[in-house]
Each structure stands twice: as structure tokens, then as C-alpha cells.
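Keep in mind that what you see is a predicted model, and the values were worked out from it rather than measured. A note on names: the letters A, B, ... follow the listed sequences, proteins ahead of strands, and every chain is numbered from 1.
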2 protein chains.
Amino acid sequence: MSGERADAARNRLAVLRATEELLAQSGPELFSLDQVAARAGVGKGTVFRRFGNRSGLFQALLAERAARLAEAVASPGTELGPGAPPRRRLLGFLDELSDLAGRNVALFTAHERVCAQDRYADPTYVRWHRHLTGLLIELLPPGTDPEFAAHALLALFDGDLVRHVVEAGGVDRLRRSVRGYAETLLRA
Amino acid sequence: MSGERADAARNRLAVLRATEELLAQSGPELFSLDQVAARAGVGKGTVFRRFGNRSGLFQALLAERAARLAEAVASPGTELGPGAPPRRRLLGFLDELSDLAGRNVALFTAHERVCAQDRYADPTYVRWHRHLTGLLIELLPPGTDPEFAAHALLALFDGDLVRHVVEAGGVDRLRRSVRGYAETLLRA
DNA sequence: ATCAAAGCGGACCGATGGTCCGGATCTCGG
DNA sequence: CCGAGATCCGGACCATCGGTCCGCTTTGAT
């Protein structure tokens, strides 16, 4: 009585992997779910049954990629986890996010383009936002809205901006720009 | 030998007005260019001939809406124009942008969703970015990348974020949040 | 081996962005 | 006022895509 049949699990992985490949070689939005299905060797219906719609597919992929980061942020004792000084936690988190975004530009773009109707409902985004808000409450001068600032910081990882910066100077450049900006903001 | 035939000009205005109306009553992306054409009382071909594609239509509309702001920013002697102290120019510009965005949420959303492939090529965006970069060079501590910071500030006007904030607290709330955030950033 | 439940897949649908060209409309010289 | 030619119009047409549906297959527990 396992939750998922073996063929279902196999197909879900195949679809996710096919999506990654297409994201890597074509841009975001430049391929249809038909192509995903074909590449995964399954029918189109399967893709939709597993992920609901295009949006769900990218959400699932992003969640998978973000899992390690989520874990690092939540586990006490680590450099990013609870207990570490907030400033370090925040800057470290942004570093990790820069990495993640820089290495998954197409995914970030596709995700936000497709979740656009309410990005604020996406579980991954919500988790990140909550995390940042919590840290910013302690770090920003009173009078600055920490929730808004958290959105503002997450907006740094807008797919197009990331692509723009990464094309010019690679992931390193992105990380440095983000960090420099955040440090300026925290200098207040 | 006027540049544009009378009927052409009439139709272009009709299309722009129809687009505004549909943006106001439906959300962004929720209507087709067929509907725009129907509402404007023209054929679909006319819409495409005048604006090239969906993207061009929203760019044109945004440019029209942004014209007054562009003028204010460029004319010397005014509060936002050259000659005024940079800090005041920047904060004032952001105030105006908050107003513009708050009153045209749907347009902002539609515009960015559709120009996503290269927002950085849109003339209006480029103009705003250049303006901000110029001011930030004088206002930010050295070591902070002003171009990146300008993108970051413009990202505050992401359609979804604007909608989110405006729904919660109206345009006033947006203006206050943006201003508070910017002041914190400049406190460095 | 059996059988019910779960899953599969590709034909199908409606809508949409964008194209195209025959015909209507405007402009302007005469 | 008129006519000719350039300009523009409009809606039929096309390809594509997201999403649905249902008859058939696979799975796995008994």
C-alpha cells in the first residue's frame, strides 16, 4: 500500500529530468509541455496529471532544487541555521540564493513567469519571504517595513535581472552585487 | 504628406483606449487582442500592424503614461529636474513612480509579463534605469554597484508586488513603503 | 492467477498570437 | 471636383499550445 505506484514514480522523475534538460538547452517558455512529454517518453496526459499544469511543474522543480537550502536554513547549529547571528544568516542566505539563481536562471525565469498570477502563494517563495522577514526585523532600523524589504530583497533574484548580471559577469558577479547591495542596506 | 493618415491615427487612439479599458476591468493577460480589436471597433490586423505584437502595444501604452514623468525629470529648475539635490530628486522620482505604478497596476503587470524576454530593451525602462543610476552614483557609498542598485530599486515596482501592497493599503501605503525602503538604503 | 484500482497516452478541443491579401479609404495633384 | 495610386483596413486563416477525456494497460495485493 505504498503511496505511489512504481511506474508513476518513474514517470515523475523522467518528466522532471526532461524539464531540466529543456530548460538548460532552450530558454524558458520556449518549449511546450508536449515536448517535455516527448522527451520524457510519456504522454502529455501524464505530465498534466502529475503536476496539474505548467505552473505546478516549475514549482515542483524549484522546490526540489531549493530543498537543500531550506534544510540548511532550518537546522540549528549550522552557519545559516537558527542560533547564528542574524546578519551573518542573512548574508549567507543571500549568497546561497545567488548561487541557486545563477545556476538555474532559466528555471527562475520560467517559474516566475508562470506563477505570476500569485507568486506569493508559491510555497518556496513564501518560505524564503518568511525567513528574510524574520531576520530583517532584527536588522533594519524601526520605521522600515521588514515585509516589504524582504520582498525587495527577493526581487533581486528576478529571472531577467539574474540573467542580465550573470551574462555580464557570471555567478560570482551576481553574488558580489547582491552582497554589496545587501550590506549597503544593512549599514543603516 | 503628413506622416500618418487620418484614419490610421484615429484607429491607433481607439486601440490604446480600448486596451486601457480592458486593463482596468479585466486583469492583465486576461484578454486577447481579438477583444481589444473588437472593443476598439477595428479588425485584429489593424492592432498588429500598428503595434507589431502584444508587447509593442503595452510598451506604447506605458510610454504614453510615463511621458509626463519623463518630462518632469528632464526639465531643469523643477523639483525633480537637473539642478535639484540628488537625494531629493531620487526620492521624488520614486514617489512619482509609486503613483504611476499604483494607478496602473494592471498595465505594469501586463507590460513586464510580456516584455519579459528583454525588459532591458524597453525604452521606458532604460530611461528610468539610466536616471536612477546617475543619481545613485552620487548617493551610494563606493563599492556598491549603482547599476545593480538601480535595477533593484526598479524591481520594487514589479507588478505583482505593487498589486500586493496596493491591495493591502492603497497607493499611499505603497508610496510610504517605497520611500521608507529607499531612505534606509540611502542612510548608508 | 485474479481482479480492482491506479495510471497511462494520445486524440481532441477551444483559444490565442500572429499573418495575409483582396478590397475599401484616404490623399493630393490636376 | 475628380481620379489614380498609395496607404490602410479587416477578418478569414494558420499553427501552436495548454488542458481535458476516456478506453486501454499496468500494477500489486490477495
Side-chain angles (χ1 to χ4, degrees), chain A residues 1-19 22-23 26-61 106-107 109-118 122, chain B residues 1-19 22-23 26-61 106-107 109-118 122:
Chain A
M1 66 130 281
S2 61
E4 188 176 34
R5 251 169 58 171
D7 52 349
R10 199 185 326 133
N11 281 335
R12 195 188 51 222
L13 285 181
V15 169
L16 284 177
R17 201 159 303 136
T19 307
L22 284 171
L23 273 174
S26 315
E29 293 280 317
L30 270 62
F31 56 90
S32 68
L33 294 202
D34 259 334
Q35 288 172 269
V36 173
R39 182 163 201 125
V42 303
K44 200 164 113 162
T46 300
V47 175
F48 280 94
R49 196 166 344 89
R50 302 263 32 99
F51 299 100
N53 51 29
R54 200 183 168 89
S55 184
L57 177 57
F58 292 125
Q59 283 192 14
L61 201 51
L107 173 58
T109 305
H111 174 263
E112 80 197 14
R113 185 114 27 136
V114 104
C115 296
Q117 30 194 356
D118 54 344
D122 179 71
Chain B
M1 63 127 277
S2 60
E4 189 175 33
R5 252 170 58 169
D7 52 349
R10 200 185 326 132
N11 281 334
R12 196 190 47 222
L13 284 181
V15 168
L16 284 177
R17 201 159 305 136
T19 305
L22 284 171
L23 273 174
S26 315
E29 293 280 318
L30 270 62
F31 56 91
S32 68
L33 294 201
D34 258 335
Q35 287 172 270
V36 173
R39 181 162 203 126
V42 302
K44 198 164 120 170
T46 302
V47 176
F48 280 94
R49 196 167 344 91
R50 303 254 49 89
F51 299 100
N53 51 31
R54 201 182 168 88
S55 184
L57 177 57
F58 292 125
Q59 283 192 13
L61 201 51
L107 174 58
T109 304
H111 174 263
E112 79 197 14
R113 185 117 24 142
V114 104
C115 296
Q117 30 194 353
D118 54 344
D122 179 72

Calculate, to the nearest 0.5 Å, the distance between atoms CZ and CZ belonging to B:R113 and A:R113 respectively.
->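 The CZ atom of A:R113 is 10.0 Å from CZ of B:R113, to the nearest 0.5 Å.
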Quick one: CG on B:D122 to CZ on B:F58, what's the gap to the nearest 0.5 Å?
->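 It comes to 12.5 Å.
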Taking only residues two or more places apart in sequence or in another chain, which ones pass side-chain hydrogen bond (donor to acceptor under 3.5 Å, both in side chains) with A:R54?
-> none
By side-chain hydrogen bond (donor to acceptor under 3.5 Å, both in side chains) - contacts of B:R49 (at least two apart) = none
Side-chain donor-acceptor pairs of residues 31-42 of chain A under 3.5 Å, sequence neighbours excluded:
from: A:S32; atom 1: OG; to: A:D34; atom 2: N; distance (Å): 3.4
from: A:S32; atom 1: OG; to: A:Q35; atom 2: N; distance (Å): 3.4
from: A:Q35; atom 1: OE1; to: A:S32; atom 2: N; distance (Å): 2.9
from: A:R39; atom 1: NE; to: A:E21; atom 2: OE1; distance (Å): 2.5
from: A:R39; atom 1: NH2; to: A:E21; atom 2: OE1; distance (Å): 3.2

Might you point out which heavy atoms bring A:P28 and A:T109 nearest each other, and give the distance in Å?
->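 Distance-wise, the nearest heavy atoms are CG-CG2, 3.6 Å.
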DNA chain C contacts made by residues 28-43 of chain B, counting heavy atoms under 4.0 Å | B:S32, B:L33
For the pair made of CZ in A:F48 and C1' in C:dG10, what is the distance, rounded to whole Å?
->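 Answer to the nearest Å: 13 Å.
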Rounded to the Å, how far apart are A:R54 CZ and D:dT20 P?
-> 15 Å
Could you go through nucleotides 5-7 of chain C and list every protein N or O atom that sits under 3.5 Å from one of its N or O atoms, giving the distance for each pair?
from: C:dA6; atom 1: N3; to: A:R5; atom 2: NH1; distance (Å): 2.7
from: C:dG7; atom 1: O4'; to: A:R5; atom 2: NH2; distance (Å): 3.4

Let me check something: any side-chain donor-acceptor pairs from residues 10-18 of chain A under 3.5 Å, sequence neighbours excluded? List them with distances.
from: A:N11; atom 1: ND2; to: A:D7; atom 2: O; distance (Å): 3.4
from: A:R12; atom 1: NH1; to: A:E4; atom 2: OE1; distance (Å): 3.2
from: A:R12; atom 1: NH1; to: A:E4; atom 2: OE2; distance (Å): 2.7

Report the nucleotide, chosen from D:dG18, C:dG18, D:dT27, that has the shortest atom-to-atom distance to any side-chain atom of A:R10.
->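 Within the option list, the nearest is D:dT27.
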